[in-house]
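Comments concern the structure below.
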There are 2 protein chains.
Amino acid sequence: MKTERLNVIREVLTRTPVASQDELRRKLRRRGIHVTQATLSRDMHELRLSKGPSGYALPNGNGVVMVAAAEDDAPPSLAEMLESLGLRVRRAMNQVVVRTAMGGAQPVAAALDREGWAEMVGTIAGDDTVLVICADPKSAGEVESRIRAMLGA
Amino acid sequence: MKTERLNVIREVLTRTPVASQDELRRKLRRRGIHVTQATLSRDMHELRLSKGPSGYALPNGNGVVMVAAAEDDAPPSLAEMLESLGLRVRRAMNQVVVRTAMGGAQPVAAALDREGWAEMVGTIAGDDTVLVICADPKSAGEVESRIRAMLGA
DNA sequence: ATAAAGCTTGCATACTTATTCAGGTCCGTT
DNA sequence: AACGGACCTGAATAAGTATGCAAGCTTTAT
């Protein structure tokens with residue numbers, strides 16, 4: 001699925017420097033995603049990446065946010081938020097960690113708060129990471145899969 | 001002369017969008033500067049330009065002045081980071097808390113993220129405290145001692 | 001002055017990225 | 001079921017960028 005691939009690309013770029021599309025292609029292949037350079041070129045364009053001396057870079061945080069927010073007037077739904085900013089979810093005991101595009105953590109946390117799920121005790125957001133504290137491991141698992149579903153969409 | 005040409009390039013870029021080196025070559029020619037694409041490629045590298053969806057862009061906003069300033073571009077290693085900013089580490093269940101000098105939490109967290117250790121689920125940074133979420137208590141112990149080793153150095 | 005070393009550049013060419021074209025797939029309609 | 005349209009993708013290739021090499025210039029040392 002394309003959306004999933006774009007998310008993985010965002011994540012790879014935030015974690016490791018990528019000098020060329022072919023290098024990115026190889027890194028994606030190791031994660032089980034197999035596409036050609038042509039497809040990546042299109043993805044790069046869609047993500048509005050820029051290529052500088054230190055490799056590819058994601059557009060500035062607020063840019064990403066604006067793209068998602070400019071459409072509607074109502075506050076964006078959590079699903080929309082995750083669709084455009086979410087990268088991956090992991091769970092550890094009673095906590096869920098959501099990685100987002102740079103600058104995406106605050107809005108995602110706000111959207112999660114707005115959701116008001118009973119299992120969530122609270123959220124904390126940095127620049128690109130949201131920490132969700134749940135009542136217990138079971139609740140965390142529930143929250144994790146709910147978020148994962150929205151990402152996978 | 002090369003220096004003069006670099007200045008003109010900076011000026012042209014701030015005034016008009018440039019999509020390719022060949023386009024830039026034509027624009028320079030109209031100003032009496034005649035060089036080949038190969039030379040421009042070298043100039044672009046020297047100016048540390050980046051190419052995005054809207055053409056070439058100067059680094060750091062768009063200053064025509066401070067070009068010699070940016071030298072050390074590579075992000076410092078985690079070890080260097082901890083050496084200068086780290087204070088102490090403590091663990092609690094599956095979490096590791098790293099205290100840093102004031103203002104040091106963000107960069108330390110970023111360096112930890114870059115490290116990409118599998119045991120780490122995510123990090124969140126405040127002003128002087130980094131919270132590292134690990135998969136479980138055992139992983140946290142592993143991460144703790146690794147960080148402690150870098151500190152102790 | 002001559003030699004050696006260091007820059008800067010053009011040419012040709014290797015390498016990287018964008019695009020065209022030709023299928024596929026998935027839906028909704030007829 | 002067949003059709004039509006909107007996407008998505010790979011293969012091939014065009015377009016764009018980087019680089020090895022050699023030539024010409026300038027500076028420094030002999």
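Chain letters run A, B, ... following the sequence lines, proteins first, then strands; residues in each count from 1.
Residue R5(B) has a polar side-chain atom (N or O) positioned under 4.0 Å from OP1 or OP2 of dT9(C). For K2(A), no side-chain nitrogen or oxygen approaches OP1 or OP2 of dT9(D) to under 4.0 Å. Taking 4.0 angstrom as the limit, Y56(A) places none of its side-chain polar atoms (N or O) nearer than this to OP1 or OP2 of dT16(C). Side-chain nitrogen and oxygen atoms of T39(B) include at least one within less than 4.0 Å of the OP1 or OP2 phosphate oxygen of dG10(C).
Electrostatic pairing of R42(A) and E46(A) does not count as a salt bridge here, judged by no charged N lying under 4.0 Å from a carboxylate O. Taking 4.0 Å as the cut-off between side-chain N and carboxylate O, E142(A) and K138(A) do not count as a salt-bridged pair.
The shortest non-hydrogen separation linking V143(B) to C134(B) is CG2-SG, 4.0 Å. Across all non-hydrogen atoms, the minimal contact from E11(B) to T14(B) is O-OG1, 2.7 Å.
You'll find the side chain of T129(A) stays beyond 4.5 Å of the side chain of I133(B), heavy atoms only. Two residues are said to be in side-chain contact when any heavy atoms from C-beta on lie closer than 4.5 Å; K51(B) and M44(B) fail this criterion.
A heavy atom lying under 4.0 Å from DNA chain C marks none of the residues of residues 18-27 of chain B.
For Q37(B) and dA15(D), a side-chain-to-base donor-acceptor distance below 3.5 Å is absent, hydrogens and geometry of angles not being considered.
Within 4.0 Å (heavy atoms only), S41(A) reaches at least one base atom of the nucleic acid.
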